[in-house]
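This structure is a prediction, so every number in the text was calculated from the model and none was measured.
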Amino acid sequence: MGMSEEVKTIIHELYNLLKERPDETPELLDITDVLLQVYQKIDQEKYPERLVNRLVNYIRNASLKGRLHFSKKEEALMIQLGSLGNKAGLNSIYQGDYSDKSQFYSYSELSKMPRR
């Protein structure tokens, strides 16, 4: 299984777990929006590990902001994603705004980005 397929499998499982939650906070909705966006784009990425690295940083930031806590299964999936994102190496340390979900949308998609 290639990296993109492995990431998509993990994202799919994490997305489904998060969508089952009864409390849909804005931060949780933003996380699920970004998971869906990355799921759709990962196959076209030249360096998917960089996108995964940004995804994990974004989720961690949003969950801190919204005081979200992950179940053991959700946390295990986050750790798997983090491990795959770490393959990007030190050169991919992202210096942008971790809280900005627009980083996962292309310029032409910004008008369709869900605003929470």
side-chain contact (heavy atoms from CB on, under 4.5 Å) assessment of Val38 paired with Tyr58: CA-CA 12 Å; Val38 171; Tyr58 176 81; over 6 Å; no
Reported CG-to-CD distance for the pair Leu68 and Glu74, which is rounded to 0.5 angstrom: 9.5 Å
Between CG on residue Leu18 and CG on residue Leu29, distance to nearest 0.5 Å: 10.5 Å
Closest approach of Val56 to Gly82 (non-hydrogen atoms, all atoms of both residues): CG2-N, 3.7 Å
Check against salt bridge (Lys or Arg N to Asp or Glu O under 4.0 Å), Glu27 and Arg60: CA-CA 11 Å; Glu27 291 82 12; Arg60 292 288 184 207; over 6 Å; no
Atom of Leu14, atom of Leu81 and distance for their closest heavy-atom approach: CD2-CD1, 4.1 Å
Contact summary for Ile42 and Ser4, nearest pair of heavy atoms: O-OG, 3.5 Å
Partners meeting side chain to side chain contact (heavy atoms under 4.5 Å, CB included) with Asn16 (sequence neighbours left out): His12
Partner set under side chain to side chain donor-acceptor pair (under 3.5 Å) for Glu45, not counting sequence neighbours: none
Pairwise distance NZ(Lys8) to CG(Asp43) - rounded to 0.5 angstrom: 4.0 Å
Shortest non-hydrogen contact from Leu35 toward Ile59: CD2-CD1, 3.9 Å
Gln37: side chain to side chain donor-acceptor pair (under 3.5 Å) partners, not counting sequence neighbours: Glu109
Full working for side-chain contact (heavy atoms from CB on, under 4.5 Å) between Ile11 and Leu55: CA-CA 10 Å; Ile11 287 175; Leu55 170 66; 3.9 Å; yes
Side-chain donor/acceptor of Thr9 to backbone N/O of Glu5, under 3.5 Å: yes
Asn53 side chain to Glu49 backbone, donor-acceptor under 3.5 Å: no
Which residues share a side chain to side chain donor-acceptor pair (under 3.5 Å) with Lys73, sequence neighbours left out: Glu13
Salt bridge (charged side-chain N to carboxylate O under 4.0 Å, His left out) partners for Glu6, two or more places apart: none
Partners meeting side chain to side chain contact (heavy atoms under 4.5 Å, CB included) with Leu64 (sequence neighbours left out): none
